[in-house]
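The structure appears right after this line, and notes come after that.
One-based numbering, in listed order, for ligands and for the atoms of each. Here the structure is a predicted model, which is why all the values come from computation and not from measurement.
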Amino acid sequence: MEKIIREALSGHVAETGGLIIGLRHVQERCQFVPSDTVRIAAELFNISQAEVRGVISFYADFRDKKPGQNHIRLCVAEACQSVGARAIEEDLLNRFAVRMGETDASDFVTIEPVYCLGLCSCAPAAEVNGELIARVDAQRIVDEVGS
Ligand code: FES
């Protein structure tokens, strides 16, 4: 794992914004940002571990755990709430027997809240396995993950 993290980060040390780009590459390769990344990034970028933690914790897109086989991000911000996002949320959590922000017991799905996907004009919106879906409903999400 350390080798993968070093490879993902090391090409971005001299770039402006390189830490964020490197962290994104770590997440792409590992599906999350392993805790060792903090130490390795601090060493490579010659910054404190607190600074690395600050960047990771500031951006909600960085995960500290590997998601389930399917990763659902449901928008629960105002525009989506006004057209039923909370009902979709409740439906999904019941169907998959999972709590918001967690992975179900069979590791099939992770459902996370997100606060705007930039699709407000065609809300409600979700992202399923990296694909944005506008005017979504719970059944569409279930169909997307193939359960
Ligand atoms: S509020 Fe849901 S996409 Fe903007």
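Side-chain contact annotation: His71 with Glu112, donor-acceptor N/O pair under 3.5 Å present.
In terms of heavy atoms, Leu19 sits closest to Phe45 at N-CE2, 3.4 Å.
Each of the following atoms of ligand 1 lies closer than 4.0 Å to a heavy atom of Cys120: 1 (S), 3 (S), 4 (Fe). Those atoms of ligand 1 that come under 4.0 Å of a heavy atom in Leu119, given as number and element, are 3 (S). Each of the atoms 1 (S) of ligand 1 lies under 4.0 Å from some heavy atom of Ala77. Close contacts of ligand 1 with Ala79, meaning ligand atoms under 4.0 Å from a residue heavy atom, involve 1 (S).
A salt bridge is absent between Arg86 and Asp91; no separation between the charged side-chain nitrogens and carboxylate oxygens falls under 4.0 Å. Look at Glu2 and Arg39 and you find a salt bridge, because one of the NZ, NE, NH1 or NH2 atoms lies within 4.0 Å of a carboxylate O, short of that distance. A salt bridge links Arg6 with Glu43: the distance from a Lys NZ or Arg NE/NH1/NH2 to an Asp or Glu carboxylate oxygen falls below 4.0 Å.
With 2.8 Å as the limit, Cys75 does not count as an N, O or S neighbour of atom 4 (Fe) of ligand 1. Among the atoms of Cys116, an N, O or S atom is found under 2.8 Å from atom 4 (Fe) of ligand 1.
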